[in-house]
Amino acid sequence: MLHLIRPALLLALMPTLAPCMAQWDLTFQGQVPVTANGANLDLAWAGGLNFVQVSDVDLNGDGLKDLFLFDRSGNTVTTLMNTGGQGTNAYRLERPDNASATYSGLHDWALFRDYDCDGKADLFTQGQAGFGVYRNTSVGDTPSFELITSRVNSRYVSPSGTGTLANLYVSQVDLPAIDDIDGDGDLDVLTFSLLGSYMEYHKNLSMELYGTCDSLVFELRNKCWGYFAENFNNNSVTLDTPCDFNVPNPELGEQGDRPEATEDTERAHAGSTILSLDLNGDGVKEVLIGDISYNNLVGLYNGGSIEDAYMTQEDTLFPSYDNSVDLALFPAGYYVDVDQDGKRDLLVGGNATSLSENKRSLWYYTNTGTDASPVFEHQQEDLFQERMIDVGEGAFPVFFDHDRDGLMDLIVANHGYFAAGGVYTGKLALFRNTGTTDEPSFELITDDYMGLSTSGIGISMYPAFGDVDGDGDLDMYIGDLQGRIHAYRNTGGSGTAQFELLQPNVTNSSGEPLDVGQFATPVFEDLDGDGLLDLLIGERNGNLNHYRNTGSASLPVWSLVNENVGGVSTVEWWNVTGYSVPSVFRNASGERELLLGSESGWLYHYGAIDNNLNGTWTLLDSTFLNVRDGIRTGVAMHDLTGDGELELIIGNYRGGLSFWGSEPILAGIGEMNTASGLRLAPNPAAGTVEVTLVQEMTGNWQLDIVNGQGQVVMSRSGSGQRLVVDVEGLANGVYTLRVSSVEGERKARLMVMGQR
């Protein structure tokens, strides 16, 4: 089985995990409304996307293909569930903790392919100098996977005809094609060779040996499939290349009259992605290739046959007949039916782990041709991202009442937005709380709060808010990537905050700039109880720095007390950095405690802080709530619902956020209205809403949607347990959704948002 925590580690954590879970008992609250530019972000809390690999697979056993998004930024999985509607909006977010718990341990690449022909796609993923396979053993709506092999082997055949069994090599930076290349019903593999720029064809012998497709028995049958080679110095392709080092009688391409080899036929290979598909309906496979240092996809057309693969035509800017792919950096193609029209479309994502587009990084081309002979038409470059909170690379939430209306707004810092040439721009985004004291909702006001992108501070800005000049409003200190702190004075008084630079490179009591190394993440807290705000600053090394205010309430003087206060650390055994991001709160007994975001993505929970500034704080949990949304997390805490319980917003390096609370927000509006006997998803809804009866009604039933004046504005009939309802024609607002039959009546509240 594929699980989040290694079994031995899970047992070790159980004694400390249980009381913490009982105390907090937070659940994912993906229904909290967020709008941007007048549109409802129905995937707002999905956690963002950076460098995504895409598979379509039925994850809940309902017969519909869902989307499995594996993000190389932290090896994180997002699953979007198909509601049965039309278009790319027909997906809702699964709880992220469910996805992370099921698919943890994957790294570098992960693709779903059905190798045993049982109708359930299996999971192929990078291993050590190769790949492993997990068989899909899911039953109903519960996904599960069984490790079949941690290393798939292949019989490597030499030019002399001798063979050696070894791991089927796939570089950790490559993405292979796993497809039925020869049309015999089992899955073969195309991959680049270890030392060369030639594409190898590894034939699956399952059908030949057993007459079924349920085995993984491979043999190298062509060292130069298609007879082309990638250039060593760039991403150009040379067609009709020599290959006298090939296997005897190569399959899918005979040597025949091909040119003789030269001394430079084997070249070092840096990294490529491969998508195999039939581009022209002739029954043979073409390939789309992305290269590690380039923005384009190269399309190679197969002028041969199934028995004789031979690339004869090259499209260096695929698709040159439409908007060519221009995705920085290292694009990879995926052939999936994302718009539910029965024809597979082309999605293109970046396969890098950094220095790549991180905001508009999932390109979508709809297929206007046929599934057998596709024609791709460019649609957008931010598929699903436009429905999420996504601030590029890195997302670090901080609560601050910007407009002083008594509702806590949300400031989201980032590492930066990628721009051409590998340049990053750091910004802060402001999401104003437009809800009420017990029902929060957020609206994006600006993605460049106070114009700080032009301040000169640079990337990885992190804000802290506190009244350090004694005038009654909250001032702003900003930590930066270089470990420095910059002070801004709030001149807004009792109204909306306005900030002016007071002191760049804030100094300590000796007149030297505060410097914690790298990645300064400050928070204000009166740690010693003297009535003056101190500074607690996280950093790249994973420790915390304590600077005490030895000045006054109106003129702070910062004196270093301890570079490793409490002995806290977020450094894991496998790493040297920790990227600690502190957030201080008080528990039910009024005692001060601490949550720390980290490089690993886990939240660290510390106690025994009060009256213990010179001692060691107690690590209560290193996997708080068992939630890991991705790497380099940050967390903000506040009681947004007025129930006396803290809600949590967690940010991660994919550039997005997730929302966690103890009770469903919007009192009856949410994905899980189990008390009403109905489940609505997504809720709030914009295009369609999936209505599921928690317990099925007998016979036919009627669904009515009733507005605030008691008028029925829509009626539908249904049977069974599920119905997808198109609500696009309804005005924005809150409705009562009523399902009735001879057995009785069930009601739930539905919020419609984002309609134009």
Side-chain angles (χ1 to χ4, degrees), residues 1-11 28 53-71 75-84 91-128 130-154 167-168 170 175-180 185-189 204-207 209-218 334 336-337 626 628 692 721-722:
M1 301 289 290
L2 204 57
H3 288 300
L4 181 63
I5 303 178
R6 295 181 296 276
L9 179 58
L10 178 60
L11 293 175
F28 178 65
Q53 300 167 355
V54 184
S55 297
D56 56 347
V57 52
D58 182 3
L59 294 171
N60 58 3
D62 64 356
L64 301 174
K65 290 290 186 72
D66 311 301
L67 290 179
F68 177 88
L69 308 178
F70 177 76
D71 202 318
N75 297 318
T76 309
V77 171
T78 300
T79 52
L80 300 179
M81 313 308 288
N82 192 335
T83 64
Y91 296 93
R92 63 174 173 82
L93 176 67
E94 185 188 36
R95 282 180 48 171
D97 52 335
N98 287 349
S100 62
T102 304
Y103 305 106
S104 176
L106 305 177
H107 60 92
D108 296 303
W109 61 266
L111 297 171
F112 273 94
R113 302 288 187 267
D114 184 8
Y115 87 87
D116 54 5
C117 302
D118 65 351
K120 296 187 292 188
D122 310 296
L123 184 56
F124 291 66
T125 185
Q126 177 71 23
Q128 185 175 3
F131 62 94
V133 179
Y134 290 84
R135 182 171 177 266
N136 190 337
T137 57
S138 304
V139 177
D141 61 0
T142 304
S144 62
F145 301 89
E146 176 187 2
L147 180 63
I148 297 301
T149 178
S150 59
R151 190 178 74 172
V152 172
N153 291 324
S154 183
N167 53 295
L168 201 168
V170 177
L175 198 62
I178 304 169
D179 197 0
D180 183 8
D186 54 24
L187 290 179
D188 312 301
V189 175
N204 192 342
L205 302 178
S206 182
M207 292 297 296
L209 292 175
Y210 311 115
T212 65
C213 58
D214 61 357
S215 298
L216 298 165
V217 183
F218 293 95
Y334 308 93
V336 297
D337 181 12
N626 206 24
R628 180 185 178 273
T692 301
Q721 199 166 1
R722 183 174 300 164

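All of these numbers come straight from a predicted model, not from anything done at the bench. These values consider heavy atoms only, across backbone and side chains, with no hydrogens, waters or symmetry-generated copies.
- Here the OG1 atom belonging to T137 is positioned 9.5 Å from the CG atom belonging to D122, to the nearest 0.5 angstrom.
- Residues V54 and L69 have side chains in contact (heavy-atom distance under 4.5 Å, counting atoms from C-beta outward).
- Using modelled atom types, one finds a donor on one side chain and an acceptor on the other under 3.5 Å when comparing N136 with S138.
- Counting heavy atoms from C-beta on, the side chains of Y115 and I148 come closer than 4.5 Å.
- Under the salt bridge (charged side-chain N to carboxylate O under 4.0 Å, His left out) criterion, D66 pairs with no residue, sequence neighbours left out.
- Of the candidates F112, Y134, F68, F112 is the only one forming a ring pair (Phe, Tyr, Trp, His ring centres under 6.0 Å) with F145.
- Proximity of S206 to D214: side-chain heavy atoms (C-beta onward) are separated by under 4.5 Å at one or more points.
- With values rounded to the nearest 0.5 angstrom, L187 atom CG is found 8.0 Å from R113 atom CZ.
- To the nearest 0.5 Å, atom OG1 of residue T76 and atom CG of residue L106 are 10.0 Å apart.
- With values rounded to the nearest 0.5 angstrom, Q53 atom CD is found 8.5 Å from D108 atom CG.
- In this structure the side chain of V152 reaches within 4.5 angstrom of the side chain of V133, judged on heavy atoms.
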_side chain to side chain contact (heavy atoms under 4.5 Å, CB included) evaluation trace for D58 with K120_ = CA-CA 7 Å; D58 182 3; K120 296 187 292 188; over 6 Å; no

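- Note that OG1 of T83 is 8.0 Å distant from CG of L64, once rounded to the nearest 0.5 Å.
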*Test log, rule side chain to side chain contact (heavy atoms under 4.5 Å, CB included), inputs V57 and D114*: CA-CA 9 Å; V57 52; D114 184 8; over 6 Å; no

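- With contacts defined as side-chain heavy-atom distances shorter than 4.5 Å, the pair L168/N153 does not qualify.
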_Working note: N60 + M81, criterion side chain to side chain contact (heavy atoms under 4.5 Å, CB included); need CA distance, chi angles, decisive distance, verdict._
CA-CA 8 Å; N60 58 3; M81 313 308 288; 3.6 Å; yes

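- With contacts defined as side-chain heavy-atom distances shorter than 4.5 Å, the pair H107/T125 does not qualify.
- Using cut-offs of 30° and 60° for the angle between ring planes, the F131 and F124 rings count as tilted.
- When every heavy atom of Y91 is checked against every heavy atom of D337, the shortest pair comes out as OH-O, 3.8 Å.
- Interatomic distance, CG of D62 versus CG of N82, reported as 7.0 Å (0.5 Å rounding).
- Using a cutoff of 4.0 Å between basic side-chain nitrogens and carboxylate oxygens, R135 and D116 are scored as salt-bridged.
- Counting only distance, with no hydrogens or angles, the side chain of N167 and the backbone of R151 share no donor-acceptor pair below 3.5 Å.
- The closest side-chain heavy-atom distance from P143 to Y103 is below 4.5 Å.
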